[in-house]
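Quick caveat, the model's predicted, so the values are computed rather than measured.
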Amino acid sequence: MNVISKRTLVQFYEKNPQAKTALEVWHSDARKALWRTPEEIKRIYPHASFLRDNRVVFNIKGNNYRLIVHIDYLRKIVRVKFIGTHAEYDMINAEEV
């Protein structure tokens, strides 16, 4: 998959260094993946949540952080929409960021 944009992840973990390893692992996994369906994601990330419009919420670093992405399965593109703490996630509408 083509992940857009890693820069968002890097900017986040530069401010939150404890998230770096987990985000780098997720990014590496996503780049290697060829996800065609939510079920394929669920096999690797059983705690991922699926929202409308092909949005997926990943729990990062033991659910300390939440990552929201939009996936275009046909074009194999993953767009980062949000990365934040669990508390920050609770303050947003995950379907609108």
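Annotation: the span from D29 atom CG to E24 atom CD amounts to 11.5 Å, rounded to 0.5 Å. From N64, atom CG reaches atom CG of N59 across 10.0 Å, with rounding to the nearest 0.5 Å. Note: S49 OG to K42 NZ = 6.0 Å, rounded to the nearest 0.5 Å. Separating the CZ atom in R36 from the CD1 atom in I41 is a distance of 11.5 Å, to the nearest 0.5 Å. Of the inter-residue distances, the one linking Y13 atom OH with H27 atom NE2 reads 8.5 Å to the nearest 0.5 angstrom. Separation of atoms CD1 (I71) and CG (N54) is listed at 7.5 Å; rounding is to 0.5 Å.
Transitive grouping of hydrophobic side chains (ILVMFWY, heavy atoms separated by less than 4.5 Å) keeps L67 and I92 in distinct clusters. W26 is not connected to V57 by any chain of hydrophobic side-chain contacts under 4.5 Å among Ile, Leu, Val, Met, Phe, Trp and Tyr, and they are in different clusters. F82 and V3 fall into different hydrophobic clusters, where Ile, Leu, Val, Met, Phe, Trp and Tyr are joined by side-chain heavy atoms under 4.5 Å apart, directly or via other members. Y89 and V56 fall into different hydrophobic clusters, where Ile, Leu, Val, Met, Phe, Trp and Tyr are joined by side-chain heavy atoms under 4.5 Å apart, directly or via other members. The same ILVMFWY cluster, assembled from side-chain heavy atoms under 4.5 Å apart, contains both V10 and I83.
For the pair E88 (side chain) and T85 (backbone), a donor-acceptor distance under 3.5 Å is present. Judged by distance alone, the side chain of R55 and the main-chain N or O of A94 form a donor-acceptor pair under 3.5 Å. The closest donor-acceptor contact from the side chain of R66 to the backbone of A87 lies at 3.5 Å or more, if one exists at all. At least one donor-acceptor pair under 3.5 Å links the side chain of N93 to the backbone N or O of E95.
The closest side-chain heavy-atom distance from D53 to H70 is below 4.5 Å.
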request  = Report the C-alpha distance between Y65 and F12 in whole Å, list the side-chain angles of each, state the deciding distance to 0.1 Å, and finish with yes or no for ring-ring contact (aromatic ring centres under 6.0 Å, His included).
outcome  = CA-CA 11 Å; Y65 305 99; F12 182 79; 5.5 Å; yes
Can you give the donor-acceptor pairs under 3.5 Å from side chains of residues 73-81 to other protein atoms, not counting sequence neighbours?
from	atom 1	to	atom 2	distance (Å)
R75	NH1	D72	OD2	3.0

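Taking the six-membered ring where tryptophan is involved, the planes of F58 and Y45 are perpendicular, since the angle between them exceeds 60° and thus also 30°.
Contact detail for F50 and A48: the closest heavy-atom pair is CE1-O, 3.8 Å. Pairing each heavy atom of A30 with each of M1, the nearest pair is O-CB, 3.2 Å.
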